[in-house]
Amino acid sequence: MASVAKGAMIFMMLGAITACGPKPDDATTAEQSKAARVAFQQELDVTRQLRITELTKPDGWTSLVGLHWIDPGSHYIGSSAGNGIKLAVGPAHLGMVDLSQNRVRFVPEKGAAITLDGQPFTSEAILRADDAPTGPSVIAFDEGKGQATVIKRGDRYLLRVKHADAPTRTGFRGIEYWPTTADWRVEGRFVPHPAGKTLEIANIIGTTDAVPNPGAIEFERDGKTFRIEALDEGAETLFLVFADRTSGHGSYPAGRFLDVAKPGVGGTVVLDFNQSRNPPCAFTPFATCPLPPPENRLDVAIQAGEKTYAHSAN
């Protein structure tokens with residue numbers, strides 16, 4: 001994900017490309033235009049490499065190996081067949097979780113070599129979920145290669161498990177992109193909603209969350225006006241979850257993501273669809289990705305950004 005500063009740099013480069021088109025009789029201008037296009041592509045390549053680095057780091061999205069619902073009551077965790085929550089990889093017996101009154105208690109298996117939030121752990125503890133201000137508690141095993149955290153979706157809890165040796169990480173196949181083009185860097189207008197408005201966003205596991213929806217972004221393409229509802233997740237950017245005519249026909253069927261710098265004076269924003277990216281669910285079956293709301297299913301083929309991820313035949 002590019003930073004706002006990096007995104008602004010890319011936008012300025014693209015502006016130079018579109019504003020400084022080469023003149024047939026002006027070799028200098030042509031060279032400047034070519035240099036601007038090369039510089040933009042190089043900057044975009046750096047952003048994309050950083051994204052791949054994040055995806056494939058030992059605890060990145062490609063390291064997911066499990067997603068387990070935690071029902072009320074007590075459940076043993078481990079890789080052996082007798083556990084209520086059976087891990088795909090890890091110790092035969094990790095410990096026990098108990099869900100009661102919206103609290104998840106963890107009791108480690110006696111003698112298990114694990115840590116909790118980076119510290120050796122042998123007693124019991126109440127685990128933080130991912131909605132806690134300080135983030136979720138992290139249970140680490142297999143000398144730190146494995147991690148388990150509690151996440152909350154709707155009013156239910158799940159155990160998310162990662163491992164550095166996940167086949168989706170060790171067998172990562174890279175990302176394909178549509179050709180970079182300034183045509184898909186478009187200027188839009190932010191239309192604010194009343195303060196406090198939220199939008200119900202469903203996710204791929206069947207739960208729904210009310211997400212802050214500060215406004216919509218309108219942009220034009222081929223003489224038509226399109227509108228995308230924007231989400232605010234507390235960052236310095238707006239978050240867009242959208243589908244278009246390429247969804248399932250070149251891009252990931254369940255839509256793509258795009259970050260947009262929050263509007264400046266006059267409500268102007270820039271949507272660089274070259275930065276459109278696949279959700280984590282494109283790389284692993286164990287993520288809980290938001291789905292595009294009906295308002296964000298666009299009747300246009302956005303042939304820019306990331307294409308469908310090519311999974312291994314295995």
Seminar exercise, completed: Minimal heavy-atom distance between Asp142 and Gly90, with the atoms involved, is OD2-CA, 3.7 Å

For this session: Provide the closest heavy-atom pair for Ser247 versus Gly255 in the form atom of the first, atom of the second, distance.
Result: OG-CA, 4.3 Å

For this session: Kindly determine whether Phe273 and Phe242 satisfy ring-ring contact (aromatic ring centres under 6.0 Å, His included), including the steps that lead there.
Result: CA-CA 11 Å; Phe273 287 103; Phe242 70 94; 5.7 Å; yes

Exercise. Is the His163 ring parallel, tilted or perpendicular to the Phe141 ring (thresholds 30°, 60°)?
Worked result: tilted

For this session: Please work out whether the ring planes of Phe283 and Phe172 are parallel, tilted or perpendicular, with thresholds of 30° and 60°.
Result: tilted

For this session: List the steps, then state whether salt bridge (charged side-chain N to carboxylate O under 4.0 Å, His left out) holds for Lys152 with Asp130.
Result: CA-CA 6 Å; Lys152 187 177 183 182; Asp130 64 339; over 6 Å; no

For this session: Verify the neighbour count for atom CD of Glu200: are there more than 12 heavy atoms of other residues, nucleotides or ligands below 6.0 Å?
Result: yes

Exercise. Got more than 12 heavy atoms from elsewhere within 6.0 Å of NZ, Lys197?
Worked result: yes

Would you mind checking if [Y] and [X] are paired as a salt bridge, meaning a charged N to carboxylate O distance below 4.0 Å?
| X | Y | answer |
| --- | --- | --- |
| Arg227 | Glu229 | yes |
| Glu306 | Arg277 | no |
| Asp165 | Lys145 | yes |
| Arg297 | Asp244 | no |

Does a side chain donor of either [X] or [Y] reach within less than 3.5 Å of an acceptor in the other side chain?
| X | Y | answer |
| --- | --- | --- |
| Thr134 | Arg128 | yes |
| Arg169 | Ser63 | no |
| Gln41 | Asp45 | yes |
| Asn203 | Thr207 | yes |

Do the side chain of [X] and the main chain of [Y] share a donor and acceptor less than 3.5 angstrom apart?
| X | Y | value |
| --- | --- | --- |
| Thr198 | Pro212 | no |
| Thr62 | Leu55 | yes |
| Asp232 | Gly234 | yes |

Exercise. Is the Lys NZ or Arg CZ of Arg48 less than 6.0 Å from the centre of Tyr177's six-membered ring, within 45° of the axis?
Worked result: yes

Problem set entry | salt bridge (Lys or Arg N to Asp or Glu O under 4.0 Å) against Arg221, all qualifying residues, sequence neighbours excluded | none

Exercise. Below 6.0 angstrom between ring centroids: does that apply to Phe257 and Phe239?
Worked result: yes

Exercise. Is there a path of hydrophobic side-chain contacts, each under 4.5 Å between heavy atoms of I, L, V, M, F, W or Y residues, that connects Phe106 with Ile70?
Worked result: yes

Exercise. Shared ILVMFWY cluster between Val186 and Val269, side chains joined below 4.5 angstrom?
Worked result: yes

For this session: To the nearest 0.5 Å, tell me how far Thr149 OG1 sits from Leu127 CG.
Result: 9.5 Å

For this session: Write out all pairs satisfying salt bridge (charged side-chain N to carboxylate O under 4.0 Å, His left out) with one or both partners inside residues 84-105, taking only residues at least two apart or from two chains.
Result: Arg105-Glu124

